[in-house]
There are 4 protein chains.
Amino acid sequence: MAKPRSSEKRNKIFQAGLRLFAQNGYSKTTIKDIAAEANVSFGTVFTYFENKEELFHLCVTEPIEEFRNYLLETSGILENFSLNKLKEIVDEHVAYFLEKEDYLRVIQYVIGQPERFPEMMEELDQFSDEFMSFIQDIVKTGMEKGVLPEGNPEEVGYGYLAFLMGARLTFTDHANVQLTNAFKNQALRLFGIVV
Amino acid sequence: MAKPRSSEKRNKIFQAGLRLFAQNGYSKTTIKDIAAEANVSFGTVFTYFENKEELFHLCVTEPIEEFRNYLLETSGILENFSLNKLKEIVDEHVAYFLEKEDYLRVIQYVIGQPERFPEMMEELDQFSDEFMSFIQDIVKTGMEKGVLPEGNPEEVGYGYLAFLMGARLTFTDHANVQLTNAFKNQALRLFGIVV
Amino acid sequence: MAKPRSSEKRNKIFQAGLRLFAQNGYSKTTIKDIAAEANVSFGTVFTYFENKEELFHLCVTEPIEEFRNYLLETSGILENFSLNKLKEIVDEHVAYFLEKEDYLRVIQYVIGQPERFPEMMEELDQFSDEFMSFIQDIVKTGMEKGVLPEGNPEEVGYGYLAFLMGARLTFTDHANVQLTNAFKNQALRLFGIVV
Amino acid sequence: MAKPRSSEKRNKIFQAGLRLFAQNGYSKTTIKDIAAEANVSFGTVFTYFENKEELFHLCVTEPIEEFRNYLLETSGILENFSLNKLKEIVDEHVAYFLEKEDYLRVIQYVIGQPERFPEMMEELDQFSDEFMSFIQDIVKTGMEKGVLPEGNPEEVGYGYLAFLMGARLTFTDHANVQLTNAFKNQALRLFGIVV
DNA sequence: CATGAATGAGATTTCATTCAT
DNA sequence: GATGAATGAAATCTCATTCAT
């Protein structure tokens, strides 16, 4: 049976799932917990989601689109490149990664068990390719304009993504200003900018 | 009842547990799986470990000592600092982090659920403090000797640890030479060294 | 709340229920399945039937009347008994039993669980008594007129009913001409007529 | 994991399953019920059987062998055919079918839902073919020796099997002497023997 | 020490039924 | 009357742990 795709309740359940999957992982999170967190009865979860795995799957894949829009929408940078613009973008990236703690934890959970969720891995890999390609374009443009030092754009892409993930996942202080600044500065260093 | 602390069988079970916890997380990993992976009978696991949680706990905490020794034993660097020495150390760090995939996944699992395993979190936090302090000392020394550019040593510490974790956890290619070099170069950039 | 006793929709639901109960038994058949098979919405089933058990109960008991009419209406046979008339009746019985596959499966389901549906069992028992009594009358008349060999009319009644039920329930080929003829001939043998 | 194939407990569970599946059908019978009937804890059922369906499957297929041995072992009849021998065999068949109530109910359950358990249907069909072929041989031999009247052996086979099944399934009095005799006599009539 | 049968708590999932729209 | 979202009881199955052999 087709499940309703949007409704206030569905959204509450979805957010509850995201939060709890992030906090406790997939197996430890129970449907009962999710229902309670969403202030919804047990059976209602199954009104909106076929089963636990589907809910998890959607928690992983649905936000990708938003992620894509947010992270790549700033591609105007390429036409009018400048150091300041780069700083702005990096600041936004860092802030966004630090803010999306729940979602990134869930993603990490999937990446950590690639054989278990191959379909989801593929979607995530595709997105990470897009993101790294975007970074590489920035690096290339920056080098051409003489704003960034010589370097291997691919390496910067890898390093930058790893850094953003690690920053969010390694430190669990939810929003520490000092930490945020540290990461913003260090992220710039990965582009070769030493402030 | 006191459990034997070392024996060939205990070690096989321990390694099997580490591998499977890394691959599937805590809940998905069953004692039966561990016993099979260790080529040991089901009940034998309980001969060497009180229960599943204790085994997991030990998988997280026992290797910390080795980690500590390996990562910090190179502290001779401070007395005789040079760019080449820094490069060597960074190379080793990157290589070591990439090699210890299983262990780092397990650690990440714990860090991702800080409320669930508070005791283990504390031990890990302590180690990460030590490691960052080590890095800060390097940065301070490097700046004093004019080998490293001015910067905030604390920020470098945060960024470097985040980077190492993210590098290992974001990319699942088990051992990619190209990737390894990328990470080595990028890690140096976090110290302000642009090659 | 009184439920409507007849309507096109009610009938569609009833037939759908009969078909599915016959195919999958009581527990495996869901209201959702019945609604789908009847091309009716889920809640509508409850507009016409108090609950699942009532629908099942009615599927078992409502058709008894039709069964009674069909099987016993030929009682004119007694007044004008002949071998040909017996053959006609037996042919009709066999054909009718083979045709009413769904209903007979449902009946068998109830007979197979006598403690579970005692009320329905009683109604079915009553009908089977009537039917056997009808057969016994035929046998008695046939013996008196010298058309049938000596025998125990009660035994023929038991055997004949058992045979008709078994014929329908043991062979699942829906309508096999060869099988039908076989059963017609064998049914006559139960009356002592060897063709 | 391979399950133990024989043990006192396994047998108790098996018999309990057979009894309850016969009484309540597959869906209504719960593992809890089976465990209670077998005087065994809930989880122990899963020590001996993979899951509910496997237990049911085995309840259907395991006894076939015994059935085969019992029903066909009397094939010596063909070499030394006589009316008395036929009577003996028929008596045994009737008695055996009436005795094996549980098992026959379970078989009937499967035959009634042929699409649901295709694998089991196949095994049952094979056995019923063997049995009917055995009956046909008897009829042929009996006709050749002039002991049985002319007739179609195939038809007798169909009719006889249907009759035995129906006899057991239509009447739920567990062991009624009068009924037994009725069925023995009527069964002979299917062979063309009118006593 | 080593083993694996026994146990039952706890998780997922199904589905009859209610009831507001 | 018709609909289908909401509910929670009840079923199956998993698995850590115990303990007799």
Side-chain angles (χ1 to χ4, degrees), chain A residues 1-4 7-10 13 26-35 39-55, chain B residues 1 3-4 7 9-10 13 26-35 40-56, chain C residues 1 3-4 7 9-10 13 26-35 40-56, chain D residues 1-4 7-10 13 26-35 39-55:
Chain A
M1 184 173 34
K3 301 288 175 180
S7 96
E8 206 188 331
K9 251 174 207 179
R10 193 201 113 108
I13 296 166
Y26 179 74
S27 304
K28 183 83 189 304
T29 300
T30 70
I31 298 286
K32 210 178 101 187
D33 293 344
I34 293 173
N39 252 327
V40 144
S41 97
F42 178 73
T44 299
V45 175
F46 292 96
T47 301
Y48 291 96
F49 301 93
E50 203 70 57
N51 51 41
K52 188 182 169 184
E53 182 157 343
E54 197 208 52
L55 171 54
Chain B
M1 183 171 26
K3 301 289 175 181
S7 98
K9 266 188 192 172
R10 195 202 111 109
I13 295 167
Y26 179 74
S27 304
K28 183 88 187 303
T29 300
T30 70
I31 299 286
K32 206 182 85 183
D33 292 345
I34 293 172
V40 145
S41 101
F42 180 66
T44 300
V45 175
F46 291 94
T47 302
Y48 292 96
F49 301 92
E50 201 69 56
N51 53 38
K52 188 181 169 184
E53 182 155 345
E54 196 208 52
L55 171 54
F56 183 63
Chain C
M1 183 172 23
K3 300 289 174 180
S7 97
K9 265 185 193 174
R10 195 201 111 109
I13 296 166
Y26 178 75
S27 304
K28 183 90 187 302
T29 300
T30 69
I31 299 286
K32 206 182 87 183
D33 291 344
I34 293 173
V40 144
S41 102
F42 179 65
T44 301
V45 174
F46 291 94
T47 303
Y48 292 96
F49 301 92
E50 201 68 55
N51 53 38
K52 188 182 169 184
E53 182 155 344
E54 195 208 54
L55 171 55
F56 184 63
Chain D
M1 184 174 33
K3 302 288 175 181
S7 95
E8 206 188 332
K9 250 174 207 177
R10 194 202 112 109
I13 296 167
Y26 179 74
S27 304
K28 183 83 189 305
T29 301
T30 70
I31 299 284
K32 210 179 102 188
D33 293 344
I34 293 173
N39 252 327
V40 145
S41 95
F42 179 75
T44 299
V45 175
F46 293 95
T47 302
Y48 291 96
F49 301 91
E50 203 70 57
N51 52 41
K52 187 181 169 184
E53 182 157 344
E54 197 208 51
L55 172 54

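What you are looking at is a predicted structure, and each value in this text was computed from that prediction instead of being measured. Per chain, numbering begins at 1; letters A, B, ... match sequence-line order.
- Contact annotation: C/Tyr48 side-chain N/O to F/dG1 OP1/OP2 distance is not under 4.0 Å.
- Here the side chains of A/Leu55 and A/Tyr48 are not in contact, with every heavy-atom distance at 4.5 Å or above.
- We find the CD1-CD1 distance between A/Ile34 and A/Ile13 to be 9.0 Å, quoted to the nearest 0.5 Å.
- Remark: D/Lys52 qualifies as a cation-pi partner of D/Tyr26 under the 6.0 Å distance and 45° angle criteria applied to the six-membered ring.
- The side chain of A/Thr47 lies closest to F/dA6, out of F/dG1, F/dA6, E/dA6.
- The distance from the CZ atom of C/Phe56 to the CG atom of C/Asn51 is 12.5 Å, given to the nearest 0.5 Å.
- Between the side chains of B/Ser41 and B/Thr44, at least one donor N or O sits under 3.5 Å from an acceptor N or O.
- With rounding to the nearest 0.5 angstrom, the OG1 atom of C/Thr47 is 12.5 Å from the CZ atom of C/Arg10.
- Applying the 4.0 Å criterion to OP1 and OP2 of E/dA6, one finds that D/Lys9 has a side-chain N or O inside that range.
- With rounding to the nearest 0.5 Å, the separation of NZ in A/Lys28 from CG in A/Asp33 is 8.0 Å.
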TODO: Go along nucleotides 13-21 of chain E 5' to 3' and tag each nucleotide: B for a protein heavy atom under 4.0 Å from its base, S when only backbone or sugar atoms are that close, - otherwise.
DONE: BBSSBB---

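- Taking all atoms of both residues into account, the shortest heavy-atom contact from A/Glu54 to A/Phe49 is OE1-CA, 3.5 Å.
- Between A/Glu8 atom CD and F/dA5 atom P the separation is 16 Å, expressed in whole Å.
- Out of F/dT3, E/dA6, F/dT7, the shortest distance to the side chain of A/Ser41 is found at F/dT7.
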Open item on the list: Pair B/Phe46, B/Ile31 - check side chain to side chain contact (heavy atoms under 4.5 Å, CB included), show working.
Closed with: CA-CA 9 Å; B/Phe46 291 94; B/Ile31 299 286; 3.8 Å; yes

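- Rounded to an integer number of Å, the gap from CZ of B/Arg10 to C1' of E/dC1 is 16 Å.
- In this structure, D/Phe49 places its CZ atom 18 Å from C1' of F/dT14, rounding to the nearest Å.
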- [ ] Map every base of DNA chain F to its dot-bracket character, where paired means a Watson-Crick or G-U wobble contact with both distances under 3.5 Å and | marks a partner outside the strand.
- [x] .||||||||||||||||||||

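- Atom pair A/Asn39:CG and F/dT7:P shows a separation of 10 Å (rounding to whole Å applied).
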